[in-house]
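The chain is numbered in sequence order, starting from 1. All values derive from a computational prediction rather than experimental measurement.
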Amino acid sequence: MAVDAQTPDHRSLRTASWSLLESPVAPPSQPPPPNATTCDNVPEVWAALQRTLPGCIVAVCALGLLGNLFVLSVFLAPRRRLSAAETYLANLAASDLVFSLGLPFWAENVRNAFHWPFGGALCRVVNGMIKANLFISIFLVVAISQDRYQVLVHPVASRRRPRRRRARATCALVWALGGVLSVPTFLLRSLSAVPGLNITACVLQLPHPAWHYARLVELSVLGFLLPLAALVFFNGHILGALWARREGPGAQGAGARGSKTTALILTLVGAFVLCWAPYHFFVLLDLLFQVGAVQGCFLENFVDLGLVVANFFAFLNSCLNPVLYVFVGRLFRTKAWELFRQCTPRGLASATSTRRQSHQLTGWN
């Protein structure tokens, strides 16, 4: 369809409307030539995604809400001061919970074939909230690894520092940074009427083409490459320290704990890479397509469809965090058992309390 300089074309509209992470696809600055051909030759695939994706988003939302609410209840119900580890995990659960609250809006948006029925204010607020909490969740994952690095690799130095106060300050800084990075989304997301499709879409209206490349740097560098490098550095040193302890004196008692910690760390880093790498791979392909380095209808459809699926896997990471960071760890299991004992009759809990009390919490594994 013909477009003008103020209206996104069908491809840009589709990508911007389906993307929760604001893929840096620029609307064309000039109308396409009259004899231009369209590459939208897979309507059956888009129709299938439009039927199935809303249900998947709602399922992720339900799991994220239930899992993160449960995590917060376990940590906050006892009404006591949180340790440094609990502070990080509680903030991670809170961030993922807020992120999950925005998913039903996008499920309805997809079900309505990109038509945004909630008004301009919610267009900005929902997308800004999603963007902020995606960054917050990623940065908290790095903060968790950094805290484990200090405790396990430099245990003597970590005991001299007020870890609880530092954890609260770090979490406050992460929330502030996530808010700053989401400011462009709050300001530039708006409703755009698309007469050819008879819809009003919630899209990112960037004022200058250079902004698209700045957003690409923000998403790829701050949202993936730097966090991934930090995770590899911190967790690589953690694994090295655990391996050295297994080989050193008194390693027999620490062998099982080290194995569990190793498995958990590898699971955490693996989940982060598997959930986020596909999205950034397709963003790179899309950039190459936009600058003309690669062309073709097959590649255009491949990138469009890949960005949709990759978006889903990216925000699936927020749903998995309660499982990977908390349910797998002994810290959460211990706290959940303590809350269970407080909420049940003493006679029911006393039968197994002796056995549970023998498992003292010495780490996150």
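Under the 3.5 Å distance criterion, the side-chain polar atoms of S137 are left unmatched by any main-chain donor or acceptor of N133. Between the side chain of H115 and the backbone N or O of I199 there is no donor-acceptor pair closer than 3.5 Å.
In terms of heavy-atom proximity, L101 sits nearest to M129 at C-CE, 4.3 Å. Residues V126 and G102 approach most closely at CG1-O, 3.8 Å, considering heavy atoms. V153 and A241 get closest at one heavy-atom pair: CG2-CB, 4.1 Å. Nearest heavy-atom pair, Y88 versus R166, reported as atom, atom and distance to 0.1 Å: OH-O, 4.3 Å. Contact detail for P54 and A107: the closest heavy-atom pair is CB-O, 3.7 Å. What you find for R215 and T185 is that their closest heavy atoms are NH2-OG1, 3.1 Å.
Residues F139 and L181 meet the side-chain proximity criterion, which asks for heavy atoms closer than 4.5 Å. Contact annotation: the side chain of L63 never approaches that of S100 to less than 4.5 Å [non-hydrogen atoms, C-beta and beyond]. In this structure the side chain of F272 reaches within 4.5 angstrom of the side chain of I138, judged on heavy atoms. Using a 4.5 Å heavy-atom threshold, the side chains of R148 and V151 count as touching.
Under the 4.5 Å side-chain heavy-atom criterion for ILVMFWY residues, a single connected hydrophobic cluster contains both L122 and L103. No single ILVMFWY cluster, assembled from side-chain heavy atoms under 4.5 Å apart, contains both V58 and F312. Put simply, L239 and I144 are part of the same group of oily side chains (I, L, V, M, F, W, Y) that touch within less than 4.5 Å, one to the next. Transitive grouping of hydrophobic side chains (ILVMFWY, heavy atoms separated by less than 4.5 Å) keeps L274 and L285 in distinct clusters. The hydrophobic cluster containing F282 also contains L299, counting ILVMFWY residues as joined when their side-chain heavy atoms lie under 4.5 angstrom apart, directly or transitively.
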Evaluate side-chain contact (heavy atoms from CB on, under 4.5 Å) for K131 paired with R189, printing each intermediate quantity in order.
CA-CA 11 Å; K131 187 67 177 295; R189 273 279 182 175; over 6 Å; no
Pair Y279, F313 - check ring-ring contact (aromatic ring centres under 6.0 Å, His included), show working.
CA-CA 8 Å; Y279 171 75; F313 279 101; over 10 Å; no
Under the criterion side-chain contact (heavy atoms from CB on, under 4.5 Å), I'd like the reasoning laid out for V203 against Q205: C-alpha separation, chi angles, the key distance, then a yes or no.
CA-CA 6 Å; V203 296; Q205 304 267 5; 3.4 Å; yes
Apply side-chain contact (heavy atoms from CB on, under 4.5 Å) to F135 and L177, showing your working.
CA-CA 8 Å; F135 275 113; L177 184 58; over 6 Å; no
Could you walk me through whether R164 and L82 pass side-chain contact (heavy atoms from CB on, under 4.5 Å), step by step?
CA-CA 8 Å; R164 184 181 285 120; L82 298 179; 5.9 Å; no
Which pairs would a plain distance check flag for residues 221-232, meaning a side-chain donor or acceptor within less than 3.5 Å of a matching protein atom at least two apart in sequence or in another chain?
none

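With W106 as the partner, the ring pair (Phe, Tyr, Trp, His ring centres under 6.0 Å) test is satisfied by one option alone out of W116, F118, F99: W116.
Screening residues 65-77 for side chain to side chain donor-acceptor pair (under 3.5 Å) gives no qualifying pairs among residues at least two apart or on separate chains. Within the structure, the salt bridge (charged side-chain N to carboxylate O under 4.0 Å, His left out) test picks out the following pairs touching residues 101-113 (sequence neighbours left out): E108-R111. Residue pairs meeting the disulfide bond (SG atoms under 2.5 Å apart) criterion with at least one member in residues 67-139, sequence neighbours excluded, are C123-C202.
For Y149, the ring pair (Phe, Tyr, Trp, His ring centres under 6.0 Å) partners are H154, F233, F234, H237, not counting sequence neighbours. Listed by chain and residue number, V42, V45, W46, L49 satisfy the side chain to side chain contact (heavy atoms under 4.5 Å, CB included) test with L305 (two or more places apart in sequence, or in another chain).
For the atom pair L191 CG and R124 CZ, the distance stands at 7.5 Å (nearest 0.5 Å). Interatomic distance, L204 CG to W211 CH2, rounded to the nearest 0.5 Å: 9.0 Å. Remark: I136 CD1 to N91 CG distance equals 9.0 Å, nearest 0.5 Å. With values rounded to the nearest 0.5 angstrom, I57 atom CD1 is found 4.0 Å from L53 atom CG. We find the CD-CZ distance between E86 and R81 to be 11.5 Å, quoted to the nearest 0.5 Å. We find the CG-OG1 distance between L92 and T87 to be 12.5 Å, quoted to the nearest 0.5 Å.
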